[in-house]
Amino acid sequence: MKIKNAKFITSSPNLKLCPDFNMPEFALLGRSNVGKSSFINTLVNQSKLAKTSNTPGKTRLINLFEIQTTTKPFILADLPGYGFAKVSKKEQEIWQKNLEEYLLKRESLICTIQFIDARHDIQKNDFQMQEWLKYNNISCFNILTKCDYISRNEISKKLTLIKKEFQNDAIPFSSKDKQYIDIVLKKISSLI
Ligand SMILES: Nc1nc2c(ncn2[C@@H]2O[C@H](COP(=O)(O)OP(=O)(O)O)[C@@H](O)[C@H]2O)c(=O)[nH]1
Ligand SMILES: [Mg+2]
């Protein structure tokens, strides 16, 4: 499977305002700054499709992208990162509720993808998110991002650790290195 084209559809604050596409959807989860938006841009080979930044923004929106491929199309939902408290407690609670509703009730959602930063240990909120997904029977695989920062040996150790801790499949990625794209597309195509 290869990507033919990708386009941004819309940003929705909650499930009710997410359009129905009738296409399998993957939701991107992870701490702010982990590299979710860069992942989308690298995967689809468009440098500015998803907004990336060093300073995570305050907007709490579900950003939906339609991806056309040589086989089946799919949707990527870029979600605001967790672990970033620049917004008020009230706003955080509202977003938490919207996120949970989206993850629990989005009918087209077939799998979540949780991103882990290769430079750091798995963080407490990564574990918490994973526990919540497992408790609610939401399937997930992990992507170890920013693999350009660590050696091949460290990549393999970290992937083994994630697989063991989370009991999920885990694959490597770097937005600086196109060699990982095929691994991701193979994984996605096995699920759609
Ligand atoms: N070296 C390196 N930097 C990355 C990678 N992915 C993202 N970044 C950088 O990390 C920062 C946050 O990335 P972004 O995609 O906006 O993260 P998001 O908050 O999860 O969407 C940006 O400065 C990116 O350029 C990667 O694979 N390698
Ligand atoms: Mg982002």
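Position 1 is the first residue of the sequence, and the numbers go up from there. Just follow the structure's listing: the first ligand is 1, and inside any ligand the first atom is 1.
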Please check whether [X] reaches ligand 1 - meaning an N/O of the residue sits under 3.5 Å from an N/O of the ligand, judged on distance alone.
| X | value |
| --- | --- |
| Ser175 | yes |
| Thr145 | no |
| Val34 | yes |

Which atoms of ligand 1 sit under 4.0 Å from any heavy atom of [X]?
| X | answer |
| --- | --- |
| Gly35 | 6 (N), 7 (C), 13 (O), 14 (P), 15 (O), 17 (O), 18 (P), 20 (O) |
| Ser37 | 15 (O), 21 (O) |
| Lys176 | 1 (N), 2 (C), 3 (N), 28 (N) |

Query raised in the report: Between Glu66 (side chain) and Pro73 (backbone), is there a donor-acceptor pair under 3.5 Å?
Result: no
Report task. Check ring pair (Phe, Tyr, Trp, His ring centres under 6.0 Å) between Tyr149 and all other residues, then give those that pass, not counting sequence neighbours. Result -> none
Query - Under-4.0 Å heavy-atom contact with ligand 1, by part of Tyr149 that carries it - result: side chain
**Report entry** Residue part near ligand 1, for Asn33, under 4.0 Å between non-hydrogen atoms
**Finding:** both
Query raised in the report: Strictly by modelled atom types, are Ser37 and Asp78 linked by a side-chain donor-acceptor pair under 3.5 Å?
Result: yes
Query raised in the report: Asn142 and Lys158: side-chain donor and acceptor closer than 3.5 Å?
Result: no
Report task. Tell me, please, if Asn63 has any N/O/S atom, main chain or side chain, under 2.8 Å from the Mg ion (ligand 2)? Result -> no
Requested in this report: Anything under 30° is parallel, anything over 60° is perpendicular, the rest tilted; go ahead and classify Tyr180 against Phe173.
Outcome: tilted
Requested in this report: Go through the structure and list residues passing side-chain contact (heavy atoms from CB on, under 4.5 Å) with Ser108, not counting sequence neighbours.
Outcome: Glu25, Arg106
**Report entry** Lys187 to Phe141, cation-pi by 6.0 Å centre distance and 45° axis angle
**Finding:** yes
Report task. Check each of Ser174, Ser38, Ala118, Pro80 against atom 13 (O) of ligand 1 and report the one with the nearest heavy atom. Result -> Ser38
